[in-house]
Amino acid sequence: MSDETQALRALADAPLPPATTTVEDVIRRGRRRAFVHRAGAVAAVVAVVTGIGVGTALLTAPTQEVETATAPPPETPIDGWIWVEVTPPCTPKGSSGRSADQPLPTPEEAQTLLLDAIDTVDGGERAYVSSALEKPAIGHVKVAVSMGEARGSVQLRVTHYSGTPTQQADDDASVYDNCAGPSRTVLADGTVLQLYPPDRTDSKRPLQHLRVYRPGGRLYVVTSAGSTEFRTVESPGGGVRAEVGSGRLPLTVDELASVGRELAAVG
Amino acid sequence: MRARDQEFADFFSARFDATRRVAYAMCGSWVDAEEITQNAFVRVYARWAKIRLDTVDAYLRTVVTRVFLDTKRRARAREQAFADVPDQAVPPDHSSHDRLAMQAALMTVPPGQRAVLVLRYVADLSIDQVAEILGCSAGTVKSQAARGLATLRANLDPATTGNR
């Protein structure tokens, strides 16, 4: 063993000055230290639990957004038709307009066109002409026929548009200020039939619209209009009786679509 | 006093002075040595319920060494050379001059190596025990001890060991 290590060992025998530390001081400080450690451990657990909770909430929120974004589109009222998504604020683009070099049918022709189409659908049992023809307006012709028991009417407006049928149908997707979006089908000849959800903008009568975009630029707008109005009608046996509109639409969605197909077939 | 506290008080009475000597050998100041020793016992008390009695001495030495090294790291900027005059009155004896000279030389050794020398020779621990306290290998303890002794030898007054 070297002299240095022996000298080092001699330090263990060094005389001690009196100590000022008491065991009571040490115990008091030790208790405080233990308390701080326990409080720190509890705070750490609380922080971890809070962190997990916040993290879970943050991770869950995007998942819900994804689920919303990937949610299937609403079912269309007619099998085989597709739903057309409408982006808010759901205002019409209004790009349709008459092509000057294409003739419009006369009011009489339009009325016949509509009656024939409805007769084909329901066998000629309900539709009839009850009022005089409206005067043709510039750019379109509009006619209406009454529907017996439903106390409603079906209106036809014929006009023209520019562009392709699909392009114009897209532009008109929110033409009735309805964010629900229409449903659509494309026929073999390129005609686009676009059916809109029930239109509640008129408080006196329910409405539903179908638009038929012919490849040649002709547009048929068919409106099925219910009625809640009070009126008097002649009874078949003589006399007059009062009737109140049922408030129902005169055509079902299938019948309205069939009317549109008939109009598309005519030209 | 509770039984647990009484048990700790007995341990404190039996170990406090010896631990203070080891701390003094490491830091070279009785005031600092008492503070290091007190802090070490406070930490031991805080964990007293979890410490096995057969390992409490080893735990106390580990804590003392760590408190010393932590104190040296924090106060390195204000570290002073060993005081020429002891900061507390120490009973004189015939070998006090040699011990002071050895302590002065020990303070020239870097803290890490100094801790190895104190644990190995002042506390009289084995190389493996020192390695366990410092959390290093036995080889590291040996090399640190050799370097520390070389530094000590280079700065030691020849009269202290009598053979130089």
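Every chain is numbered from 1, with letters handed out A, B, ... down the list of sequences.
Using modelled atom types and a 3.5 Å distance limit, the side chains of A:Tyr161 and A:Asp171 yield no donor-acceptor pair.
Sorted by first and then second residue, the pairs that involve residues 186-196 of chain A and meet salt bridge (Lys or Arg N to Asp or Glu O under 4.0 Å), not counting sequence neighbours, are A:Asp189-A:Arg214.
B:Asp5 has a carboxylate O that lies under 4.0 Å from a charged side-chain N of A:Arg31, or vice versa, which qualifies the two as a salt bridge.
Using a 4.5 Å heavy-atom cutoff, the side chains of A:Arg157 and A:Arg211 are in contact. For the pair A:Thr22 and A:Arg28, the minimum side-chain heavy-atom distance is 4.5 Å or more.
Residues of residues 127-134 of chain B lying under 4.5 angstrom from chain A, judged on non-hydrogen atoms, do not exist here.
Taking the six-membered ring where the residue is Trp, B:Phe16 and B:Phe41 present tilted rings, their angle falling between 30° and 60°.
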